Amino acid sequence: MIGFTLANERFISPDNVLGVIRSSAILGVMALGVTFVVISGNLDLSVGSMMSFSTIVVLDLHDQIGPGLAIPAMFALTLCLGAFNGFLVGYLKLNSLIVTLGMLSAIHGLTLTWSGGKNMDIADKAGTWFSVFGQERVLGIPMPILIFLLLASLLGIMLAKTPFGRKVYAVGGNGTAATFSGIRRARTVFTCYLISAFCVATAGLLQASRSLGSQNTVGQGMELEVLAAVILGGASLLGGSGTIFKTVIGVLILGFIQNGLLLVGLQFYVQYVVTWVIIILAVWLDIAAKRGRLLSPIA
């Protein structure tokens, strides 16, 4: 942050800071749900494709049945996808990496089928109230930021202060011990994937409302950015640790790094290399912290 500030004084200007937070809000909303999944000891690589699906669906249904019905319908369909993930991972105990990697491809195909391979746009952009979620401001603060902060507060309380939150940590820390303690592991994992799907649907709503149109690949690749933000926030890929507050910090750090790279004159595709480096370093440091040394004792 100091380096970017010295390189370009616009980096810490109020307009740039607010712009970074606003642009990070959609990614942040998705990361909140994935935090539950990661703490429970699982992964969700389908969130990018699922966000594309929710965005396309709500835009398509907007002109067919109106925004008042399109929004709950989109949430219901997205939650069904999350429930399917949760069922396969939680109740059938399949590997979450394989399941969600397969769902990434399947949901992408479902999105293309729904849209007919075409992009979606709202016909009457000037005459709809649908833009309120992505374009309006309250007391000068963009609505996506407010929704992000509100959702982070609610989910943070759920994770830190409720019995369900303690079950998530228990299942991720030691699933066998949690089961023998009377915790229904399958139900807990299933609920975590539902929470993740709800957050993805919210992100899709914000994306659709902000642009009032979308490509059918709008969420492609975002699953890696989401995972990078969650890991950067301190959640362990091995499960059992992490907080919503730290995930918010991880999202903002990733957002400011990407913004800083652009301000110093680097091309946007450099962000992908930086994201990869962040993931590798974060996973390495997480494992090193647990074993007490940077290198494996076997090596």
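Because the structure is predicted, anything quoted here is derived from the model rather than measured.
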F53 with L104, same ILVMFWY side-chain cluster at under 4.5 Å = no
Exactly one candidate in T128, I71, L69 meets side-chain contact (heavy atoms from CB on, under 4.5 Å) with H62; the answer is T128
Counterpart residues, ring pair (Phe, Tyr, Trp, His ring centres under 6.0 Å), relative to F75 (two or more places apart) | F198
Residue pairs meeting salt bridge (Lys or Arg N to Asp or Glu O under 4.0 Å), one or both in residues 7-35, sequence neighbours left out, come to none
By ring pair (Phe, Tyr, Trp, His ring centres under 6.0 Å), which residues pair with F4, not counting sequence neighbours?
-> F11
Rounded distance [0.5 Å steps], CG in L154 versus CG in L159 = 12.5 Å
Starting at CG of L43, measure out to CG of N95 and round the result to the nearest 0.5 Å.
-> 8.0 Å
About how many Å separate OG of S54 and CG of L206, when rounded to the nearest 0.5 Å?
-> 10.0 Å
In chain order, what residues pass the side chain to side chain donor-acceptor pair (under 3.5 Å) check against S115, with sequence neighbours excluded?
-> none
In terms of heavy-atom contacts, does CD1 of I2 have more than 12 from other residues, nucleotides or ligands at under 6.0 Å?
-> no
With sequence neighbours excluded, what pairs up with T35 under the side chain to side chain donor-acceptor pair (under 3.5 Å) test?
-> T247
d(L139 CG, L146 CG) to nearest 0.5 Å is 8.0 Å
Those residues at least two apart in sequence (or on a different chain) that pass side-chain contact (heavy atoms from CB on, under 4.5 Å) with A170 are A178, I183
What pairs meet the salt bridge (Lys or Arg N to Asp or Glu O under 4.0 Å) rule with one or both residues in residues 124-134, with sequence neighbours excluded?
-> D121-K125
Residue pair V248 / L32, side-chain heavy-atom distance below 4.5 Å | yes
Student check: side-chain heavy atoms of R210 and I26 closer than 4.5 Å | yes
Heavy-atom closest contact (A197 atom, G82 atom, distance) = CB-CA, 3.6 Å
Separation of I56 CD1 from L61 CG (nearest 0.5 Å) = 11.0 Å
N/O donor-acceptor pair under 3.5 Å between S209 side chain and F130 backbone = yes
Please report the closest heavy-atom contact between M51 and V200, naming both atoms and the distance.
-> N-CG1, 3.4 Å
Any residue meeting side chain to side chain donor-acceptor pair (under 3.5 Å) with D60, in chain and number order, not counting sequence neighbours | Q64, W114
Linked, directly or transitively: V17 and L254 (ILVMFWY side chains, under 4.5 Å) | yes
Do R137 and P142 have side chains that get closer than 4.5 Å, going by heavy atoms?
-> yes
Side chains of V89 and L94: closer than 4.5 Å at any heavy-atom pair?
-> no
Is it the case that more than 12 heavy atoms not belonging to F164 sit under 6.0 Å from its CZ atom?
-> yes
With sequence neighbours left out, what residues match Y169 under ring pair (Phe, Tyr, Trp, His ring centres under 6.0 Å)?
-> none
R185 vs K93 side-chain heavy atoms within contact, under 4.5 Å = yes
Does the side chain of N85 pick up a donor-acceptor pair with the side chain of S46 at under 3.5 Å?
-> yes
C199 side chain reached by L155 side chain, heavy atoms, under 4.5 Å = yes
When rounded to the nearest 0.5 angstrom, what distance separates CE in M30 from CE in M50?
-> 9.0 Å
For the residue pair L45 and M103, establish whether any side-chain heavy-atom pair is separated by less than 4.5 Å.
-> no
Could I get the full list of side-chain contact (heavy atoms from CB on, under 4.5 Å) partners for S211, not counting sequence neighbours?
-> Q207
Do the non-hydrogen side-chain atoms of V171 and T179 ever get within less than 4.5 Å of each other?
-> no
Linking I/L/V/M/F/W/Y whenever their side-chain heavy atoms sit closer than 4.5 Å, directly or via other members, would L18 and M143 fall into one cluster?
-> yes
S196 and D44 side chains, donor-acceptor separation under 3.5 Å = yes
Going only through I, L, V, M, F, W and Y residues with side-chain contacts under 4.5 Å, is there a path from V189 to F180?
-> no
Other residues, nucleotides, ligands: >12 heavy atoms within 6.0 Å of I12 CD1 | no
Contacts of T217 that satisfy side-chain contact (heavy atoms from CB on, under 4.5 Å) - sequence neighbours left out | H108, Q215, Q220
Closest heavy-atom pair, D63 versus A123, reported as atoms and distance to 0.1 Å, is OD2-N, 3.0 Å
Between G242 and I39, the two heavy atoms sitting closest are O-CD1, 3.4 Å
Write down the atom of A25, the atom of P144, and the distance for their closest heavy-atom approach.
-> CB-O, 3.7 Å
Note: L232 and G250 closest approach over all heavy atoms is CD2-O, 3.7 Å
For the side chain of S52 and the backbone of G219, is there at least one donor-acceptor N/O pair under 3.5 Å apart?
-> yes
Mark yes or no for whether S23, through its side chain, and V20, through its backbone, hold a donor-acceptor pair below 3.5 Å.
-> yes
Do the side chains of Y91 and L81 join up, straight or via other hydrophobic residues, at under 4.5 Å, putting them in one cluster?
-> yes
Using the test side chain to side chain donor-acceptor pair (under 3.5 Å), find all partners of E223 that sit at least two apart in sequence or belong to another chain.
-> none
